[in-house]
Amino acid sequence: QFKYEQARAEKIWGRIQLDLLHLGYNAETRQAIAELYQFLKASHEKDGLFVGYHVFPHSLEVAHIALIAGHNKKFSSDLTLDMFVGALIHDYEPRPAYQAPKALKTIELLENDSELNAILSSLPVDRDNIVYFIRGTNFPITEADKTAISGFVASINESRRASVEEAIRLVAAIDKS
């Protein structure tokens, strides 16, 4: 199963690279995304997360669909990129292969992993958006998650509020599909 999932990841990654190019993301952003992909791939391989639940190809699929959905909803390229990156790292958590990841643990790692942060700092992304895209994928979603997301959405500039709220719901729904 490992080799199958590894080949599946490479196939999805190839499609993502083409879509990033066709959607107009610049070479610097695409390079930083490639570094993020390599980092996550190596982490998932090291942790044995190409088998079991929430395998690396799942994160790639969620990210790819989020990228296309954001574009098709005519969200800004910045918000679409935030959706993509949040979806790509939403299950980033070293854990046993058949244990479901926890969104709050992933968010903690996002805040404390220096290597991941170095890569993310080279991307034009809004970390707050990414945190709440990840939090929206928590399963089961808790009242605390809902309250935190509502509070975050309420704090956003009114002109962006509806699109960010919809983007959070979209990433969550894509993850569940």
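- One finds the CZ atom of Phe152 at 11.0 Å from the CD atom of Glu165 (value rounded to the nearest 0.5 Å).
- Under a 3.5 Å cut-off, the side chain of Lys105 and the backbone N or O of Pro94 do not form any donor-acceptor pair.
- Listed for the His71 side chain is no donor-acceptor partner under 3.5 Å among the backbone atoms of Leu67.
- Between Ile130 and Asp126 there is no side-chain heavy-atom pair separated by less than 4.5 Å.
- Residue Val131 is grouped with residue Ile134 when hydrophobic side chains (ILVMFWY) are merged at heavy-atom distances under 4.5 angstrom, including chains of intermediate members.
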- Task: Dump the intermediate steps for side chain to side chain contact (heavy atoms under 4.5 Å, CB included) on Phe50 and Gln1, then the final yes or no.
- Result: CA-CA 8 Å; Phe50 270 82; Gln1 183 181 1; over 6 Å; no

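- Tracing side-chain contacts under 4.5 Å through hydrophobic residues (I, L, V, M, F, W, Y), one reaches Leu123 starting from Val164; they form part of the same cluster.
- Residues Ala172 and Thr137 come closest through the heavy atom pair CA-CG2, 4.3 Å.
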- Item | Working for side chain to side chain donor-acceptor pair (under 3.5 Å), residues Ser159 and Asn157 | CA-CA 6 Å; Ser159 66; Asn157 179 304; 2.7 Å; yes

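- In this structure, the separation between OG on Ser59 and NE2 on His54 is 9.0 Å, given to the nearest 0.5 Å.
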- Test salt bridge (charged side-chain N to carboxylate O under 4.0 Å, His left out) on Glu143 and Lys146 and set out the steps. CA-CA 5 Å; Glu143 285 304 315; Lys146 292 175 187 177; 3.4 Å; yes

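- With Asn138 contributing its side chain and Leu104 its backbone, the two residues share no donor-acceptor pair below 3.5 Å.
- At distances below 3.5 Å, not a single donor-acceptor pair connects side-chain atoms of Tyr25 with backbone N or O atoms of Asp19.
- Here the side chains of Thr29 and Pro124 are in contact, with some heavy-atom distance below 4.5 Å.
- Closest non-hydrogen pair, Val171 versus Ala66, comes out as CG2-CB, 4.4 Å.
- Side chain of Arg95 to main chain of Glu93: a donor-acceptor pair is present (N/O by atom type, distance under 3.5 Å, no hydrogens or angles).
- At least one side-chain heavy atom of Leu79 sits under 4.5 Å from a side-chain heavy atom of Asn129.
- Follow the hydrophobic side-chain contacts under 4.5 Å out from Val51 and you never reach Val62; the two are in separate clusters.
- With Arg8 contributing its side chain and Pro57 its backbone, the two residues share no donor-acceptor pair below 3.5 Å.
- To the nearest 0.5 Å, atom CD1 of residue Ile68 and atom CZ of residue Phe84 are 10.0 Å apart.
- Closest of all the heavy-atom pairs between Ala63 and Ala87 is CA-CB, 3.5 Å.
- Gln6 CD to Lys11 NZ: the interatomic distance, rounded to the nearest 0.5 Å, is 15.5 Å.
- Side-chain atoms of Asn112 come within 3.5 Å of backbone atoms of Glu108 as a donor-acceptor pair (strictly under, hydrogens ignored).
- Salt-bridge check for Lys41 with Glu10: passed, with a basic side-chain N closer than 4.0 Å to an acidic carboxylate O.
- Side chain of His44 to main chain of Leu40: a donor-acceptor pair is present (N/O by atom type, distance under 3.5 Å, no hydrogens or angles).
- No chain of hydrophobic side-chain contacts below 4.5 Å, direct or via other Ile, Leu, Val, Met, Phe, Trp or Tyr residues, connects Leu88 to Leu49.
- Checked against the 6.0 Å centroid criterion, the rings of His58 and His90 qualify as a close aromatic pair.
- Tyr92 and Phe39 have tilted rings, their planes meeting at an angle from 30° to 60° on a 0 to 90° scale.
- Under a 3.5 Å cut-off, the side chain of Asn26 and the backbone N or O of Glu28 do form a donor-acceptor pair.
- No side-chain heavy atom of Arg30 sits less than 4.5 Å from a side-chain heavy atom of Gln17.
- Using modelled atom types, no side-chain atom of Asp145 and backbone atom of Ile141 make a donor-acceptor pair closer than 3.5 Å.
- Salt bridge Arg127/Glu111: absent, no basic N to carboxylate O contact under 4.0 Å.
- Taking all atoms of both residues into account, the shortest heavy-atom contact from Gly86 to Phe133 is CA-CB, 4.4 Å.
- For Leu170 against Ala69, the heavy-atom pair with the smallest separation is CD1-CB, 4.5 Å.
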- Task: Kindly determine whether Ile89 and Leu109 satisfy side chain to side chain contact (heavy atoms under 4.5 Å, CB included), including the steps that lead there.
- Result: CA-CA 10 Å; Ile89 64 177; Leu109 288 168; over 6 Å; no

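- By the neighbour-count criterion of 12 heavy atoms within 6.0 Å, atom NZ of Lys3 is sparsely surrounded, having that number or fewer from other residues, nucleotides or ligands.
- Within the model, atoms OG of Ser43 and CD of Gln38 stand 12.5 Å from one another, a figure rounded to the nearest 0.5 Å.
- For the pair Ile33/Trp13, a side-chain contact is recorded, criterion being any heavy-atom separation below 4.5 Å from C-beta on.
- Neither Tyr37 nor Ile65 shares a network with the other; the hydrophobic side chains, linked directly or stepwise wherever heavy atoms of I, L, V, M, F, W or Y lie under 4.5 Å apart, form separate groups for each.
- Here OG of Ser150 is found 9.0 Å from CD1 of Ile168. Values are rounded to the nearest 0.5 Å.
- Residues Pro101 and Asp91 come closest through the heavy atom pair CG-OD1, 3.1 Å.
- For CZ of Phe2, the number of neighbouring non-hydrogen atoms (other residues, nucleotides, ligands) closer than 6.0 Å is greater than 12.
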